[in-house]
Amino acid sequence: MAKNVAVYPGTFDPITKGHVDIVERASKLFDKVIIAIAESPNKKPMFDLARRVSFAQASIAHLDNIEVQGFANLLTEFAKAEGANIILRGLRVGTDFDFEFQLAGMNRQLAPDLESMFLMPSDQYTYVSSSLVREVGRLGGDISELVHPDVVRAFNQAKI
Ligand code: ADP
């Protein structure tokens, strides 16, 4: 039987426990999940690609069917090259939907064989976003419940 391989793309600047919640759910549903971290220079990420990859690897070390990869090309091309058949995204609140709807439409236009699928995190993570974590972390707020300890350490070091 063909394997179901899901690519979970995003900027992951940095990866949060909300992202990890989605990955944990996906790891039970799909044979393999690839966390695909977009270089996204246009978003001017706080953490460079190598650090975002390393934070993601540390965050999913407890799962065995997950890979982490950086990418800088078109998502649909990356997914095809990896043999993936699913694009996975997370949905938190209603406002995520409009953007995700557009993105899924565009990806379907580019690659009709790739199916977009969406998972919702536990309630406790519906308000968590990388941008809020960056804002709170930069101002010295406690983000330890929201991210892996490596990410907390990176924020602490950035303040010195
Ligand atoms: P992007 O820049 O592509 O939006 P993100 O890293 O912000 O990348 O998010 C990647 C995916 O993870 C998106 O589908 C986003 O909706 C989802 N996501 C982000 N935060 C959470 C969370 N707390 N719970 C569930 N899904 C989330």
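What's counted below: heavy atoms across the whole structure, side chains too, no hydrogens, waters or symmetry copies. Ligands are counted one by one from 1 in listed order, and the atoms in each one are counted from 1 as well.
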May I ask you to test the Lys43-Asp13 pair for a side-chain heavy-atom distance under 4.5 Å?
-> no
Charged N to carboxylate O below 4.0 Å: is that the case for Asp21 and Lys17?
-> no
Do me a favour and list the nearest non-hydrogen protein atom to atom 21 (C) of ligand 1 with residue, atom name and distance?
-> Arg92 CD, 3.4 Å
For ligand 1, is any non-hydrogen atom under 4.0 Å from Thr11's backbone (N, CA, C, O), its side chain (CB onward), both, or neither?
-> both
Just wondering, do Ser116 and Arg108 contact through their side chains at under 4.5 Å, heavy atoms?
-> no
Short question: side chain of Arg92, backbone of Tyr125 - any donor-acceptor pair under 3.5 Å?
-> no
With a 4.0 Å heavy-atom cut-off (strictly under), which part of Glu100 contacts ligand 1: side chain, backbone, both or neither?
-> side chain
Does ligand 1 have any atom that is closer than 4.0 Å to a heavy atom of Pro9?
-> yes
ILVMFWY cluster, Ile87 and Ile34 together (side-chain gap under 4.5 Å) = yes
Look at atom 24 (N) of ligand 1 and say which protein heavy atom is nearest, naming residue and atom and giving the distance to 0.1 Å.
-> Pro121 CG, 3.2 Å
Going by the atom numbers of ligand 1, which of them fall below 4.0 Å from some non-hydrogen atom of Lys43?
-> 1 (P), 2 (O)
In this structure, atom 12 (O) of ligand 1 is nearest to the protein heavy atom Tyr8 OH, 2.8 Å
Does a side-chain heavy-atom distance below 4.5 Å link Asp31 with Asn65?
-> no
Which option out of His19, Arg52, Arg25 puts a heavy atom nearest to atom 19 (C) of ligand 1?
-> His19
Ignoring angles and geometry beyond distance, decide whether Arg89 reaches within less than 3.5 Å of ligand 1 through its nitrogen or oxygen atoms.
-> yes
Glu82 and Gln69: side chain donor to acceptor below 3.5 Å | yes
Ignoring angles and geometry beyond distance, decide whether Phe12 reaches within less than 3.5 Å of ligand 1 through its nitrogen or oxygen atoms.
-> yes
Which residue supplies the protein heavy atom nearest to atom 15 (C) of ligand 1, what is that atom called, and how far is it?
-> Gly90 O, 3.8 Å
Measure the acute angle between the ring planes of Tyr8 and Phe12, then classify it against the limits of 30° and 60° as parallel, tilted or perpendicular.
-> perpendicular
Polar-atom distance check: Ile22 versus ligand 1, any N or O pair below 3.5 Å?
-> no
